[in-house]
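The sequence lines fix the lettering, A, B, ..., with proteins before strands; numbering per chain opens at 1.
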Number of protein chains: 2
Amino acid sequence: MYEDLKYWYLRDHKLFRTLSYSQIKQLCIITGFKKASKGEIIYFSSSDVPRIFLLKKGNIKIVSIDDDGNETIKDIIQKGDLFGELTLETDNKVEEYAKVLSDDVAICSFLMSDFEDLLLRNPTLALSYTKFVGLKMKRIKNSYSNLISKDAKTRLYQFLKDWAESEGAVNGNSVTIENYLTQNDIAQIICTSRQTATQLLNEMEANQLLSYNRKEIIIQDITKL
Amino acid sequence: MYEDLKYWYLRDHKLFRTLSYSQIKQLCIITGFKKASKGEIIYFSSSDVPRIFLLKKGNIKIVSIDDDGNETIKDIIQKGDLFGELTLETDNKVEEYAKVLSDDVAICSFLMSDFEDLLLRNPTLALSYTKFVGLKMKRIKNSYSNLISKDAKTRLYQFLKDWAESEGAVNGNSVTIENYLTQNDIAQIICTSRQTATQLLNEMEANQLLSYNRKEIIIQDITKL
DNA sequence: AGCAAAATGTCGGCTAATTTACACTTCGCT
DNA sequence: AGCGAAGTGTAAATTAGCCGACATTTTGCT
């Protein structure tokens, strides 16, 4: 990969924005680049050397298999997000992999050990990274407490609001979301059965809160959710 | 407070164990010390300057109030744990406070800004701290996914196992836990109603899995849980 | 175009667990 | 010692949402 390309990729993430061109260039830590298409599975825990990944394009879901063999969606990663062993500790206990949701994705990665060295040499970056991990933790806490204390309907509403906020195209009070999730995915994210999710979505459509199809979701009036 | 005392307090947490005596002494970041007794409430978010706290003695619970005014237990902090704005970002959105569970507690604290400076000057510490926050995140993720996918009984069993492991006095296969929680607390932690928790605990007692009273819980055979 | 697989829609029975309601016990305090 | 508050025990009614079962629609593939 060309030096300039590396620079551009890293520079694009807000975490690295504070580093100068020469700093990034000097570090040269990007060691992998990968393209993949819809439905493909990318293993990243265990396997070879521990890495941190940056999703450059598209969407993926992080899925884990529990003891009973059920799939659970752990996270949805969007363009620009980091994923992988963000805690800088490898654990082989959890069996996780990523599955491509959008038509195609571009992923770049670097070695965890290289990243650690970088953090050691750039205390400011280390501090930013700590805050970044902390923010991620806060988000998780927040979404989980929703899962626990609210009913399925409220959870779906909250999920749609969050999704609309992070990715929706706003047009007045109406928001259009590119829908790369199946109803089953949505059900898993809000921790309910597929049937319940279907029922709730149809109910919302009947109440003219949104219009749903496999390509996009249009929320008529985001303020009414 | 005497310099030596400060040193001792910090030194006691594994995070600071790598720092030399002179380093800690030089930094002198402990700026607060506090004792409190059972039932007392300690506010730590919002209010004055942001701080990080270290619980030296006793047990506290972190409680938050949601929109509807219900109390939720966010975390149980044990002797030696850090708490407060561990993410190094203050947010005033969440209304959280700590409540003392044990007879009395000792808490020391330092300013978040001082701690940030310290991290900037000690990259190794910064890295350790990041991993520490990451570990905390992993624990939270794990306990939440238990909450979501398992039924109340399994959750209670898991909670008791965890509690026994972190604090229990082992004696062969039997483990004795000092019980500073009410059944209501336990119910909140495992996210069920007080009645269900009571019922399950009595059921376990009837099945001779444990003996419960307000002072202690004795698990007859930890391997059978 | 045609077929299999994946995704969506719909229905009732079933069950864990919440809710409501109340009695009893223990604790902390003056 | 005695009282109120907090904690614990128990039971019945109610319900959200899971599960199984199936029909229909849409997609991707050759």
Side-chain angles (χ1 to χ4, degrees), chain A residues 37-41 61 63 66 68-73 99-104 146-159 179-207 210-217, chain B residues 37-41 61 63 66 68 70-73 99-104 146-157 159 179-207 210-217:
Chain A
S37 51
K38 196 165 188 167
E40 236 177 285
I41 287 173
K61 60 178 176 182
V63 180
D66 74 355
D68 311 337
N70 319 44
E71 273 200 352
T72 330
I73 295 187
K99 192 165 184 182
V100 179
L101 293 172
S102 48
D103 285 340
D104 57 337
N146 265 336
L147 285 181
I148 288 161
S149 60
K150 316 283 194 225
D151 64 1
K153 190 175 195 163
T154 315
R155 263 143 47 199
L156 177 59
Y157 279 46
Q158 188 59 51
F159 165 70
N179 180 21
Y180 48 83
L181 297 174
T182 66
Q183 294 188 354
N184 197 22
D185 286 335
I186 295 175
Q188 280 187 55
I189 293 168
I190 64 170
C191 284
T192 186
S193 66
R194 200 219 85 225
Q195 290 92 324
T196 305
T198 301
Q199 199 177 302
L200 287 171
L201 282 169
N202 289 337
E203 189 187 305
M204 290 177 81
E205 192 146 31
N207 293 338
L210 53 74
S211 72
Y212 180 97
N213 68 53
R214 294 182 193 204
K215 293 280 175 209
E216 60 181 15
I217 299 173
Chain B
S37 51
K38 195 165 188 167
E40 236 178 285
I41 287 173
K61 59 177 177 184
V63 180
D66 73 356
D68 311 336
N70 321 42
E71 274 199 352
T72 330
I73 295 187
K99 192 165 184 182
V100 179
L101 293 172
S102 47
D103 285 339
D104 57 339
N146 265 336
L147 284 180
I148 288 162
S149 60
K150 317 281 193 222
D151 66 1
K153 191 175 196 163
T154 315
R155 262 141 49 197
L156 177 59
Y157 278 46
F159 166 71
N179 181 20
Y180 48 83
L181 298 173
T182 66
Q183 294 189 354
N184 197 23
D185 286 334
I186 294 174
Q188 280 188 53
I189 293 168
I190 64 171
C191 284
T192 187
S193 64
R194 199 219 85 226
Q195 290 89 326
T196 305
T198 301
Q199 200 176 303
L200 288 171
L201 282 169
N202 289 337
E203 189 187 304
M204 291 177 81
E205 192 146 30
N207 293 339
L210 53 74
S211 71
Y212 179 96
N213 66 54
R214 295 184 193 201
K215 294 280 176 208
E216 59 181 19
I217 299 174

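Between the C1' atom of D:dT26 and the CG atom of A:Asn179 lies a distance of 14 Å, rounded to the nearest Å. Here the P atom of nucleotide D:dA11 and the CD atom of B:Glu203 are 13 Å apart, to the nearest Å. A:Leu181 places its CG atom 15 Å from the C1' atom of C:dT8, with the value rounded to the nearest Å. Atoms NZ (B:Lys150) and P (D:dC18) sit 16 Å apart, rounded to a whole Å. Rounded to whole Å, atom C1' of D:dT25 lies 7 Å from atom CZ of A:Arg214. Between B:Gln188 atom CD and D:dG7 atom P the separation is 11 Å, expressed in whole Å. As a whole-Å value, the separation of A:Asn184 CG from D:dT26 C1' is 16 Å. As rounded to whole Å, 17 Å separates atom P of C:dT25 from atom CG of B:Asn213.
The base of C:dT8 does not come close enough to the side chain of A:Gln199 for any donor and acceptor atom to sit less than 3.5 Å apart. A donor N or O paired with an acceptor N or O is not found under 3.5 Å between the base of D:dG9 and the side-chain atoms of B:Gln183.
Within the 4.5 Å cutoff, side-chain heavy atoms of A:Met204 are placed close to those of A:Leu156. Within the 4.5 Å cutoff, side-chain heavy atoms of A:Asp185 are placed close to those of A:Leu101. Counting heavy atoms from C-beta outward, B:Tyr212 and B:Gln183 have side chains that approach closer than 4.5 Å. Between B:Lys38 and B:Ser102 there is no side-chain heavy-atom pair separated by less than 4.5 Å.
Within the 4.0 Å cut-off from OP1 or OP2 of C:dT10, at least one side-chain nitrogen or oxygen of A:Asn202 is found. Contact annotation: B:Thr198 does not reach the phosphate of D:dT8 (side-chain N/O to OP1 or OP2, under 4.0 Å).
Each of B:Lys38 and B:Thr196 was matched to the nucleotide of DNA chain C holding its nearest heavy atom; the match closer to the 5' end belongs to B:Thr196.
Residue A:Asp151 places its side chain closer to D:dG17 than to any other of D:dG17, D:dT8, C:dA7. Comparing D:dC18, C:dA17, D:dG17 by their closest approach to the side chain of B:Thr192 singles out C:dA17. For B:Gln195, whose side chain is taken as the heavy atoms from C-beta onward, the closest listed nucleotide among D:dG17, C:dT8, C:dT20 is C:dT20.
Within 4.0 Å of B:Ser193, counting heavy atoms only, lies at least one base atom of the nucleic acid.
The environment of A:Gln195 atom CD is dense: over 12 non-hydrogen atoms of other residues, nucleotides or ligands sit within 6.0 angstrom.
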